[in-house]
Number of protein chains: 2
Amino acid sequence: MIHGNSTVTAAPADPAHGDCRKVSRVLARLGDKWSVLIVMLLGDGPRRFNEIRRMVGGISQRMLTLTLRGLERDGMVTRTVYPTIPPRVEYALTAQGHSLREPVQALGQWALDHMDDIDAAQAAFDARQP
Amino acid sequence: MIHGNSTVTAAPADPAHGDCRKVSRVLARLGDKWSVLIVMLLGDGPRRFNEIRRMVGGISQRMLTLTLRGLERDGMVTRTVYPTIPPRVEYALTAQGHSLREPVQALGQWALDHMDDIDAAQAAFDARQP
DNA sequence: CTGCATCCACCAGGATACTG
DNA sequence: CAGTATCCTGGTGGATGCAG
């Protein structure tokens, strides 16, 4: 990563940070606008398409489809189609998807714990810079 | 977040996920292309501008400036200018920045642990979809 | 209900040149 | 060395309409 797929002429960073590239690939995956939100939401159990849509609130149909496809591709969720009428599609976390919840929760907890400090820091910074 | 700054007509999600919005604000911050990389890199100690630039490898001058400004604004790093010639500017993690390393490491570890599974899942998925 | 296709706006982010 | 300023491109993501 980092260079996209472009040719890396030489290892630019010190060896210890070699895996950082791989890590940030995953980070980029989770870092998009909706993935984490959906993973956490599915942690409570399988949901249907529009059910997720309503729960997330504010996501477009298109992005929900794309995000779910991405998560499915990464083996984080399964997509189960029940050939009824009307069609019913359920999305559920895989074991891997579930395992992701823990570290994400940790980060989420951190976010909650430091939210106020961050807001304060931002306000202070903005006050210094007109 | 999620709605950007648009008016939220009604709470769209169940109450339990109320803070998820706040969390994803932080996630969006960390989810950009470079922030996490830089935070982890600064974990080893303070670094100078071009030092970071070289270590990260592949980041443009512009983006490094913007990323560092963002992190500074959020109270994650400090920026210290030594009025020497040539100028010397050091960036260092704040206490808050340091505290972030732990949950990020956890996520990074998860990424490392599941990298192979993810790649496999992707390959399998792509094989199904020509 | 669950999507895909299309069109389009926006902005993250790279390249380059210039300054203190 | 450590930035700022400007230009430009690609991708992200919203809105809408159509289909199974």
Side-chain angles (χ1 to χ4, degrees), chain A residues 1-9 12 24-25 27-38 46-73 77-92 129-130, chain B residues 1-9 12 24 27-38 42 46-73 77-92 129-130:
Chain A
M1 206 290 90
I2 261 78
H3 294 101
N5 300 334
S6 66
T7 308
V8 178
T9 50
S24 46
R25 250 186 40 213
L27 259 303
R29 188 80 211 62
L30 282 337
D32 71 20
K33 212 172 176 183
W34 310 106
S35 291
V36 170
L37 230 40
I38 291 176
R47 305 284 168 189
R48 302 180 54 179
F49 187 86
N50 277 338
E51 203 174 354
I52 301 174
R53 187 152 154 59
R54 278 188 301 273
M55 291 179 76
V56 171
I59 187 174
S60 66
Q61 210 169 33
R62 175 185 137 87
M63 286 317 298
L64 181 52
T65 301
L66 289 179
T67 304
L68 287 170
R69 282 285 182 279
L71 291 173
E72 188 191 358
R73 191 174 108 98
V77 308
T78 57
R79 177 173 179 272
T80 314
V81 181
Y82 299 94
T84 60
I85 294 182
R88 173 192 183 88
V89 182
E90 273 195 356
Y91 295 89
Q129 316 288 337
Chain B
M1 208 284 90
I2 262 79
H3 294 102
N5 299 335
S6 65
T7 307
V8 178
T9 51
S24 48
L27 260 302
R29 189 82 211 56
L30 283 335
D32 71 20
K33 211 173 175 183
W34 309 106
S35 292
V36 170
L37 231 40
I38 292 176
L42 288 179
R47 305 284 166 187
R48 302 178 55 176
F49 186 86
N50 278 337
E51 203 173 354
I52 301 174
R53 186 151 156 57
R54 277 188 301 274
M55 292 179 76
V56 171
I59 187 173
S60 64
Q61 209 168 32
R62 175 186 137 87
M63 284 318 297
L64 181 53
T65 301
L66 289 180
T67 304
L68 287 170
R69 284 283 184 279
L71 290 173
E72 187 190 358
R73 190 175 109 98
V77 309
T78 57
R79 177 174 180 273
T80 313
V81 182
Y82 300 93
T84 59
I85 292 184
R88 173 192 184 87
V89 181
E90 273 195 356
Y91 294 89
Q129 316 288 338

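Lettering of chains follows the sequences in order, A, B, ..., and the numbering in each one begins at 1.
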Report the C-alpha separation of A:R79 and A:V81 in whole Å, then their side-chain angles, then the decisive distance to 0.1 Å, and conclude whether the side chain to side chain contact (heavy atoms under 4.5 Å, CB included) test is met. CA-CA 7 Å; A:R79 177 173 179 272; A:V81 181; 3.7 Å; yes

Compare the minimum distances between each of C:dG3, D:dA2, D:dC1 and the side chain of A:Q61, then state the nucleotide with the smallest one. C:dG3

Side chains of A:L68 and A:F49: closer than 4.5 Å at any heavy-atom pair? yes

Report the distance from atom CZ of B:F49 to atom P of D:dC1, rounded to the nearest whole Å. 11 Å

Between CG of A:L37 and P of D:dG13 the distance, given in whole Å, is 13 Å

So A:R79, base contact, sugar-phosphate only, or nothing? Heavy-atom distance under 4.0 Å. sugar-phosphate

What is the distance, to the nearest angstrom, from the CD atom on B:E51 to the P atom on D:dG3? 13 Å

What does A:Y82 touch in the nucleic acid at a heavy-atom separation under 4.0 angstrom: a base, only the sugar-phosphate, or nothing? nothing

B:I52 vs B:L64, side chain to side chain contact (heavy atoms under 4.5 Å, CB included): CA-CA, chis, key distance, verdict: CA-CA 8 Å; B:I52 301 174; B:L64 181 53; 3.8 Å; yes

Given C:dT2, D:dG13, C:dG13, which nucleotide is nearest the side-chain atoms of A:K33? D:dG13

Within the side chain of A:R53, is there an N or O that forms a donor-acceptor pair under 3.5 Å with the backbone of A:I59? yes

Roughly how many Å is it from CG in A:L30 to C1' in D:dT12, rounded to a whole number? 17 Å

Between atom CD1 in A:I59 and atom P in D:dA15, what is the gap in whole Å? 12 Å

Applying a 4.0 Å non-hydrogen cut-off, can you work out what B:R62 is touching in the nucleic acid: base, sugar-phosphate, or nothing? base

In whole Å, I'd like the distance from the CD atom of B:E90 to the P atom of D:dA2. 9 Å

To the nearest angstrom, the CD1-C1' distance between B:I52 and D:dC1 comes to 13 Å

State which of D:dA2, D:dG13, C:dG14 makes the closest approach to the side chain of B:N50. D:dA2

Over all atoms of both residues, closest heavy-atom pair of A:T67 and A:S35: CG2-OG, 3.6 Å

A:E51 vs A:E90, test: side chain to side chain contact (heavy atoms under 4.5 Å, CB included). Steps then yes/no. CA-CA 9 Å; A:E51 203 174 354; A:E90 273 195 356; over 6 Å; no

Would you please confirm or rule out a distance under 4.0 Å between OP1 or OP2 of D:dC1 and any side-chain N or O of B:Y91? no

Assuming nearest nucleotide by heavy-atom distance, tell me which of B:P87 and A:V89 is located more 5' along DNA chain C. A:V89

Going by heavy atoms closer than 4.0 Å, what residues in residues 63-71 of chain A are next to DNA chain D? A:M63

Which is it for B:M55 and B:R47 under the side chain to side chain contact (heavy atoms under 4.5 Å, CB included) test, yes or no, and what are the steps along the way? CA-CA 10 Å; B:M55 292 179 76; B:R47 305 284 166 187; 4.0 Å; yes

Taking atom P of C:dT2 as reference, at what distance in whole Å does atom CZ of A:R53 sit? 11 Å

